[in-house]
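A short worksheet on the structure shown next.
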Amino acid sequence: MNKSAIINIEALEYAYTANDLVLRDLNLSVPYNAIYGFLGANGAGKTTTIRTVLGLLRPTNGQVQLFGKPIGPHRMELLSNIGALIESPSLYLHLSGYDNLKIACQYFNISYKKIEEVLALVQLEQAGNKLTKNYSTGMKQRLGLAIALLNDPDLLILDEPINGLDPNGIIQIREIIQDLHQAGKTIFLSSHLLSEVEKLATHVGVIHNGQLRFEGTIEEVNQLKQGLKVHIRTDEATRAVAILEAQYSLKILENNVVEMDLSSEDLVPSIIRLLTEQNIKLYEVKLVASDLEQLFVDLVNK
Ligand code: ATP
């Protein structure tokens, strides 16, 4: 067991129905003070893992340790230092955000003094007195986060925290997570979007078919992504290819899009310069390898 990890999972197995393992020999280790992005496609086993970590499901086999202690005998003590948000928060919609927090304070025996503090942490200080039925999805999500923060936990576990949010809502959640991390908390969050996790995480774990296929720092993920594809949409694909083909491997796709294989995204600025100097118009330049599928392909091909 890795004692220096805040979450440590060893050889975890879980089956909802006999002989149908959803998690198989899953090993995972989250360092203290990480923002750990737990990535996987729909159905990969993220929520099942989180439920097992929180002791809501009992593993068929294997072990979960939190703060260096096994979850089984220490569950209540360990959970008192964890804030969790799984799927949408359950709120009393006919009550204000403030009153929802009051009920949670009563339930957890926490002073009401904490309410203003957590409302500010989740950028809801102006909306505390509004009825939650009038909140946007993002505001409800942030209120759920405020409830999870009431007991000032060292570890936050968030299941798909940006799912269903608009771009503004996503930015707010990202800022809040960064602030909480700065304040010394460890954050474990699941997502099916590598592009989102990349913007936040210090560490990444990739789950596929109930097994951890990759675990490493964000720098290691970036190294894996070397060897990427770029799509350039231009007004003159044939001329663009003629200019670049001596140096790069490339082909023309539909709609005047040129696809290039590059060893590093650092080459992109010089390619843009080369083409614009020749008066070729560039309508769009995008990296197309930064999605989870490509990471899986890279991992499987290693
Ligand atoms: P999503 O992003 O879609 O929630 P996930 O990675 O969180 O996916 P899980 O919800 O953990 O995945 O599901 C993993 C597998 O377990 C899926 O095949 C799912 O159908 C199955 N599963 C989940 N919950 C149950 C349940 N209560 N009973 C039976 N099977 C379940």
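Counting convention: from 1, in listed order, for ligands and their atoms alike. Values below: every heavy atom of this structure, side chains too, minus hydrogens, waters and symmetry copies.
Residues passing the side-chain hydrogen bond (donor to acceptor under 3.5 Å, both in side chains) test with Y107, sequence neighbours excluded: none.
Identified under the salt bridge (charged side-chain N to carboxylate O under 4.0 Å, His left out) test for residues 109-125, with sequence neighbours left out: K114-E117. Pairs engaging residues 130-148 under the side-chain hydrogen bond (donor to acceptor under 3.5 Å, both in side chains) rule: R142-Q172 [sequence neighbours left out].
Using a cut-off of 4.0 Å between Lys/Arg side-chain N and Asp/Glu carboxylate O, E13 and R24 are scored as not salt-bridged. Between K46 and E160, at least one side-chain N (NZ, or NE/NH1/NH2) sits under 4.0 Å from a carboxylate O, which counts as a salt bridge. Between K185 and D179, no side-chain nitrogen of the basic residue sits less than 4.0 Å from a carboxylate oxygen of the acidic one, so the salt-bridge criterion is not met.
Closer than 4.0 angstrom to ligand 1 lie heavy atoms from Y16, V22, A41, N42, G43, A44, G45, K46, T47, T48, E160.
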